[in-house]
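First up is the structure itself, then whatever we jot down about it.
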There are 2 protein chains.
Amino acid sequence: MDQTYSIAELAREFDVTPRTIRYYEAEGMLAPDRKGQRRIYSPRDRVTLALILRGKRLGFSLAEAKEIIELYDAPQGEAGQLRVLIEKLASKRDALEAKRRDAESALASMDEYAARCRERLNELENTDR
Amino acid sequence: MDQTYSIAELAREFDVTPRTIRYYEAEGMLAPDRKGQRRIYSPRDRVTLALILRGKRLGFSLAEAKEIIELYDAPQGEAGQLRVLIEKLASKRDALEAKRRDAESALASMDEYAARCRERLNELENTDR
DNA sequence: TATGACGTTTACGTTAACGTAAAGTTATAA
DNA sequence: TTATAACTTTACGTTAACGTAAACGTCATA
């Protein structure tokens, strides 16, 4: 039998509030099962939530995150749909690549700066001896 | 003589509005010279703006971007300050690393998914022959 | 049976990050 | 000298992404 999660469990795991998770559902990004009125989350819901939050961390809006998620469960029925899907994937991939490059150049310049700082610190430490 | 920029020039170059640039100044992240009441931006101001916008693209808030920028022009006078600065740089570096890893794992799973889509498309194209 | 613990809906509140409009200033071109 | 283009300040408006509070349901356990 497949594992399930309560809203509080997911909230704890991902360090968000239940309100946040319900908000994503209201925005059409999650559709957990119900047991009575309670929400029951599947492992798949959990993956979706993780996708949303990773998107947010990378600076995507919820609307953009939603687009990406929708790509992941788009219908791959016929060839036409598949071609469109592949196109859209390539476009999102470009956006991601850009972010990775941004992160890499930021890291590079920061590392360079930190190296100069350490150098300067070394000089200071060897001067006062 | 060093180059300068008007607010509209920078706005055009970075694809933001003048309002946005003025807002960053009001938040204490920019301090352009004035010629009369007009703002005159230096190459250094331009770099700062680029830093802000890169931070935003990576999902940092303006407050976080400001912290990073302040590290870049922190006083490196004495050894104590330098040590604190180096510590803070390491912490920001970690945040950046995390974003890069997020971007990389997102790229990896997306590439994998796209590959499966292309495979499926290939099958469809060879079946109807 | 009552008392938490956990969940629910509804609805109004909040904040960051600007957008937008109004009214005035300043340099340049016709 | 007037017009227009680019700038300025002031101030109120807007939107995304939740926070927060109220009032209620339900299930286990003391």
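Letters A, B, ... mirror the listed sequences (proteins, then strands); counts begin at 1.
Under 4.0 angstrom from either OP1 or OP2 of dT8(D) there lies at least one side-chain N or O belonging to R39(B). For the pair S6(A) and dC6(C), the criterion of a side-chain N or O lying under 4.0 Å from OP1 or OP2 is not met.
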Using the rule given for side chain to side chain contact (heavy atoms under 4.5 Å, CB included), can you reason through R46(B) versus F14(B), listing the C-alpha separation, both sets of side-chain angles and the distance that settles it, and then say yes or no?
CA-CA 10 Å; R46(B) 183 173 163 278; F14(B) 291 105; 3.9 Å; yes
Step by step, work out the side chain to side chain contact (heavy atoms under 4.5 Å, CB included) result for L53(B) and R57(B).
CA-CA 6 Å; L53(B) 294 175; R57(B) 287 197 303 270; 4.2 Å; yes
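Criterion: ILVMFWY side-chain heavy atoms under 4.5 Å apart, direct or through other members. Under it, L71(B) and V84(B) are not part of a common hydrophobic cluster.
Regarding K35(A), its NZ atom lies at a distance of 10 Å from the C1' atom of dC27(D), rounded to whole Å. Between the P atom of dA6(D) and the OH atom of Y5(B) lies a distance of 19 Å, rounded to the nearest Å. Rounding to whole angstrom units, CD of residue E64(B) and P of dT15(C) are separated by 18 Å. One interatomic measurement links the two molecules: CD1 of I52(A) to C1' of dA17(D), which rounds to 13 Å at whole-angstrom precision. Rounding to whole angstrom units, CZ of residue R12(B) and C1' of dA5(D) are separated by 12 Å. For the pair R34(A) CZ and dG7(C) C1', the interatomic distance rounds to 10 Å; values are reported in whole Å. For the pair F60(A) CZ and dA16(D) P, the interatomic distance rounds to 18 Å; values are reported in whole Å. To the nearest angstrom, C1' of dA5(C) lies 14 Å from CD of E9(A).
Crowding of K92(A) atom NZ: a count of heavy atoms from other residues, nucleotides or ligands under 6.0 Å exceeding 12.
D102(B) has no carboxylate O lying under 4.0 Å from a charged side-chain N of R54(A), or vice versa, which leaves the two without a salt bridge.
A donor-acceptor pair under 3.5 Å links the side-chain atoms of S109(B) to the main chain of S105(B), judged by distance alone.
With values rounded to the nearest 0.5 angstrom, I86(A) atom CD1 is found 5.0 Å from L121(B) atom CG.
Within the 4.5 Å cutoff, side-chain heavy atoms of E25(A) are placed close to those of R39(A).
An angle of 10°, rounded to 10°, separates the two end axes of the helix from dT1(C)-dA30(D) to dA30(C)-dT1(D), each defined over five pairs.
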Polar atom pairs (N or O), protein with nucleotides 18-26 of chain D, under 3.5 Å:
from: dC18(D); atom 1: OP2; to: Y24(A); atom 2: OH; distance (Å): 2.7
from: dC18(D); atom 1: OP2; to: K56(A); atom 2: NZ; distance (Å): 3.3
from: dG19(D); atom 1: OP2; to: T17(A); atom 2: OG1; distance (Å): 2.6
from: dG19(D); atom 1: OP2; to: T20(A); atom 2: OG1; distance (Å): 3.4
from: dG19(D); atom 1: N7; to: R19(A); atom 2: NE; distance (Å): 3.2
from: dG19(D); atom 1: O6; to: R19(A); atom 2: NH2; distance (Å): 3.0
from: dT20(D); atom 1: O4; to: R19(A); atom 2: NE; distance (Å): 3.2
from: dG25(D); atom 1: N2; to: R38(A); atom 2: NH2; distance (Å): 2.6

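Judged by distance alone, the side chains of T48(B) and D45(B) never bring a donor and an acceptor atom under 3.5 Å apart.
At a threshold of 4.0 angstrom between heavy atoms, the contacts of R22(B) include nucleobase atoms, whether or not backbone atoms are also involved.
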